[in-house]
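One-based numbering, in listed order, for ligands and for the atoms of each. Predicted model, so just to flag it, every value in this text is computed and none were measured. Along the sequence shown, residues carry numbers from 1.
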Amino acid sequence: MPVSLTCPSCGHIIKQVTRSPQIVVCSACNSTNLLVSGRLEEIGESAILTEYPSIFEIYKTYRHKDWKFTPVGRVRYDYGDGFWDEWYVRSDGGKENWISVDEGDIAIEALAHNNIKVPQFNEIHVGGTLMINRVKMTVIEKNSCTMIGAQGELPFKIVPNDTYNYIDLLGPKRVSFTIEYQGDRVDCYKGVWIDPFEITEA
Ligand SMILES: [Zn+2]
């Protein structure tokens with residue numbers, strides 16, 4: 001059952017749909033709020049420019065093959081030459097995934113929970129290869145990005161203008177693997193590149 005939260009800066013009633021978001025962005029005033037013991041605390045402002053056409057709309061349900069999902073949050077990252085969006089999506093069964101959208105390129109990804117050992121950011125070079133879970137993958141991008149906007153509910157703490165380093169790898173059968181380096185923290189996301197035309201409204 002959705003929980004109602006009150007925006008601390010404008011008083012707007014926000015409907016919480018995921019179980020334990022850490023960040024909730026107010027749709028009325030764009031303030032970014034931390035959810036602490038059922039209450040919102042403002043940490044900054046973060047607007048996503050919605051004039052750009054987007055493949056998804058928040059809280060609408062979509063389908064990819066047999067999988068039905070609803071975008072509940074989004075983070076936008078600037079990587080210098082442009083930006084991409086990470087959509088936080090919730091499946092019918094409650095499972096959560098990420099969908100990365102960079103213009104026409106779409107990858108469905110999930111946090112890789114098992115302990116994957118990866119080299120340091122500085123030790124990795126574009127064009128090189130890495131063995132990830134015994135699968136040989138090629139480094140296709142090495143860059144840093146800045147969080148420039150957010151929308152909806154998110155499962156981790158994001159701060160507007162936070163920067164981190166990342167590595168994108170590509171494996172056989174369009175498998176994607178992303179390594180994010182943020183301070184001492186390293187997160188890996190495993191996924192697959194899909195054809196955008198396979199996504200339909202549910
Ligand atoms: Zn508000």
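- Summarising the local packing, NZ of Lys68 is surrounded by 12 or fewer heavy atoms from other residues, nucleotides or ligands at distances under 6.0 Å.
- Within the protein, the number of N/O/S atoms found under 2.8 Å from the Zn ion (ligand 1) is 4.
- A donor and an acceptor atom, one from each side chain of Thr163 and Thr146, are located under 3.5 Å apart.
- Every ring-ring contact (aromatic ring centres under 6.0 Å, His included) that Phe56 has, sequence neighbours left out, goes to Tyr62, Phe69, Trp87.
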I'd like a table of donor-acceptor pairs (distance under 3.5 Å, sequence neighbours excluded) in which one partner is a side-chain atom from residues 188-202, with atom names and distances.
residue	atom	partner	partner atom	Å
Asp195	OD1	Phe197	N	3.0
Glu198	OE1	His64	NE2	2.8

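- Taking the ring centroids of Tyr77 and Tyr164, they lie under the 6.0 Å cut-off.
- Glu42 is linked by a salt bridge (Lys or Arg N to Asp or Glu O under 4.0 Å) to nothing, counting only residues two or more places apart in sequence or in another chain.
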